[in-house]
Amino acid sequence: MMDQKLFADYFVRPIESPIRALFPYLKDPSIIGFAGGNPAVDVFDVEGLRVAMSEAMCAPADGWAQYSATDGLPRLRQAIIGYMGRLGAQVDEASLLLTAGSQQALDLLARVLVNPGDKIIVERPTYPAAIQTFKSVGAQVIGVDSGPDGICLAHLRRILEASGPSARPKALYCVPTFGNPTGRTFSEQNRRDLLALASEFELLIIEDDPYSALKFEPLDVPSIHRLAQRDASTSGLVVYLSSLSKVMAPGMRIGWIVGAPSLVRRCAVAKQSVDLCSSSWTQAAAAVYIEAGRLEAHLPHACKVYGERAQAMQSSLSTLLGDRFEFDAPRGGMFIWGRFPAKVNAQALLKECIAQGMVFVPGDAFYADYADSSTARLCFSMCSPERIEEGVRRLAKALDRYESAQVVA
Ligand code: PMP
């Protein structure tokens, strides 16, 4: 047993990921998995990835087997600049850093921005690994209310005004498009108003965008990053993160940061001490894959499959749970977020669900501060429509048993 005093303060009692703790259940075929936030293995373009990998390996080995530049393999940097351009965003070399997934992008930003005690604002609810990352560098993480339309700007203003100029929050972290966990998309007006408030208080916005390409209908709102780019006074206010994990394969570990060159350069220095460089091997394969046009050729299929699964989950929830689970219909992404009746504790319900053979993520995990314990995130990406229906049936049965046990108690 090691002496606890050896550990840095945060790692004496670190917060472990509550979602990854449920991963063993996702490997058990008898359990229907609505936990995790994984893309579906049956949606991967396995053949395309194999071809890209072997084609990449036919090139001279110093292009894929050697260490590469910290800011990313030049060939993949060009491919990502092209991809972002086709999405409507102008990205220049100095504004781009490739990372080992967008999780690393978050970690690098936390290292570069946060001194212990600094405030970071996150949505209520938000992506738990972002909370974990910011807390690990000593940030004080503050939740701002959010709703179907986006961030509650009156609440955000109150937080910013209450902080005063000397203790101003360093940044606001958000997932504005098909968010994790809510599946919600901020309206364009909410994005514009958020940007105006950020400009008034000189608040950096970290826009995390791994899901926007997974749309079930045309997406009619620009990224906050694109809105900010339209005006020189706001262009430095947004740092944008994205990833190939949900659209290509998370095993490649490829993400990126687009932001002000002064911020991006510092993130690159932080990356030097984290991993020297991302895997040259997977970066080379990703470059070949994107250059061949396979990413954009594959996306409509992924959107169609996830759209069908989202639809299957919505109709099963409405039919089998009715008003016992209130949720918003997502227009893309991988998640349905909802609320059981107030007397239901989702954490306790999960135990009954595991007994019935299904798992979901109780909502507590997604709150940086006070939680709403009757909420839950259900991921629809990994199961066929038939399994989704069966999973919701098991959830309904677990809820019946949970509620009758409450009545008896
Ligand atoms: N941000 C959000 C909102 C996510 O949901 C995820 C993955 N679940 C990540 C970042 C990290 O993804 P990756 O590192 O695989 O790009």
Side-chain angles (χ1 to χ4, degrees), residues 16-23 26 33-41 43-44 72 76 80 83-84 96-110 120 122-134 136 141 146 150-151 171-186 205-214 223-225 239-258 267 271 274-275 278-279 282-283 286 295 302 306 330 332-337 360-361 363 365-368 377-382:
E16 286 185 42
S17 163
I19 298 178
R20 297 195 81 86
L22 295 170
F23 272 27
L26 302 181
F34 297 163
N38 298 1
V41 175
V43 172
F44 290 149
L76 182 60
I80 296 290
Y83 176 60
M84 290 285 293
L96 177 69
L97 172 67
L98 303 192
T99 56
S102 50
Q103 189 60 40
Q104 185 181 63
L106 278 170
D107 183 71
L108 300 177
L109 284 168
I120 297 285
V122 300
E123 288 167 83
R124 306 187 61 254
T126 194
Y127 170 52
I131 303 176
Q132 204 181 13
T133 305
F134 293 125
S136 74
V141 183
S146 66
I151 301 265
L172 165 90
Y173 166 79
C174 58
V175 191
T177 310
F178 314 142
N180 182 1
T182 63
R184 290 175 187 151
T185 298
F186 299 4
I205 298 174
I206 302 173
E207 177 178 24
D208 190 4
D209 185 31
Y211 297 105
S212 64
L214 299 178
S223 66
I224 305 176
H225 174 249
V239 51
Y240 175 91
L241 317 182
S242 194
S243 169
L244 295 180
S245 289
K246 313 295 175 176
V247 293
M248 197 186 287
M252 301 189 91
R253 308 307 303 131
I254 294 170
W256 60 96
I257 305 180
V258 179
C267 289
K271 184 171 162 67
V274 172
D275 64 1
S278 297
S279 160
T282 61
Q283 288 187 81
L295 174 57
Y306 293 142
M334 296 184 173
F335 307 110
I336 288 184
W337 172 256
F360 67 90
V361 187
F366 302 93
Y367 291 91
R377 188 193 76 178
L378 310 181
C379 174
F380 49 75
S381 59
M382 287 176 284

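One-based numbering, in listed order, for ligands and for the atoms of each. Here the structure is a predicted model, which means the values were calculated and not measured.
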Subject >> Residue and atom name of the nearest protein heavy atom (relative to atom 15 (O) of ligand 1), distance in Å to one decimal >> reply: S245 OG, 2.6 Å
**OP:** Mind telling me whether W337 and F366 have parallel, tilted or perpendicular rings, with 30° and 60° as the class edges?
**Re:** perpendicular
**OP:** Below 4.0 angstrom from a heavy atom of N180, which ligand 1 atoms are there? Numbered from 1 as shown, please.
**Re:** 3 (C), 4 (C), 5 (O)
Subject >> Top protein contact for atom 5 (O) of ligand 1, by heavy-atom distance >> reply: Y211 OH, 2.6 Å
Original post:
Who's the nearest protein heavy-atom neighbour of atom 12 (O) of ligand 1, and how far?
Top reply: S102 OG, 3.5 Å
**OP:** Any chance you could measure I131, atom CD1, to L106, atom CG, to the nearest 0.5 Å?
**Re:** 11.5 Å
**OP:** Name the closest protein heavy atom to atom 16 (O) of ligand 1, giving the residue it belongs to and the distance to 0.1 Å.
**Re:** S243 OG, 2.6 Å
Original post:
OG of S17 to CG of L22: how many Å apart, nearest 0.5 Å?
Top reply: 8.5 Å
Original post:
Roughly how far apart are K271 NZ and I257 CD1, rounded to 0.5 Å?
Top reply: 9.0 Å
Original post:
For ligand 1, is R253 a contact, meaning one of its heavy atoms is under 4.0 Å away?
Top reply: yes
Original post:
Any idea which atoms of ligand 1 are less than 4.0 Å away from a heavy-atom of P210?
Top reply: 1 (N), 2 (C), 3 (C)
Subject >> Shortest protein heavy-atom distance from atom 3 (C) of ligand 1, along with the residue and atom involved >> reply: D208 OD2, 3.4 Å
Original post:
Who gets closest to atom 4 (C) of ligand 1 by heavy atom: F335, Y127, W256?
Top reply: Y127
Original post:
Which value, rounded to the nearest 0.5 Å, describes the distance between C379 atom SG and N180 atom CG?
Top reply: 9.0 Å
Original post:
Name the one of D208, V122, I224, I206 that satisfies side-chain contact (heavy atoms from CB on, under 4.5 Å) with C174?
Top reply: I224
**OP:** Examine the proximity of ligand 1 to P250 and report which part, side chain or backbone, both or neither, has a heavy atom under 4.0 Å away.
**Re:** neither
Subject >> Of the listed options K246, Q103, M252, closest to atom 8 (N) of ligand 1 (non-hydrogen atoms) >> reply: K246
**OP:** Check the angle between the aromatic planes of W256 and Y83 and answer parallel, tilted or perpendicular using the 30° and 60° thresholds.
**Re:** perpendicular
Subject >> Nearest heavy-atom neighbours spanning F380 and Y306 >> reply: CE1-O, 3.6 Å
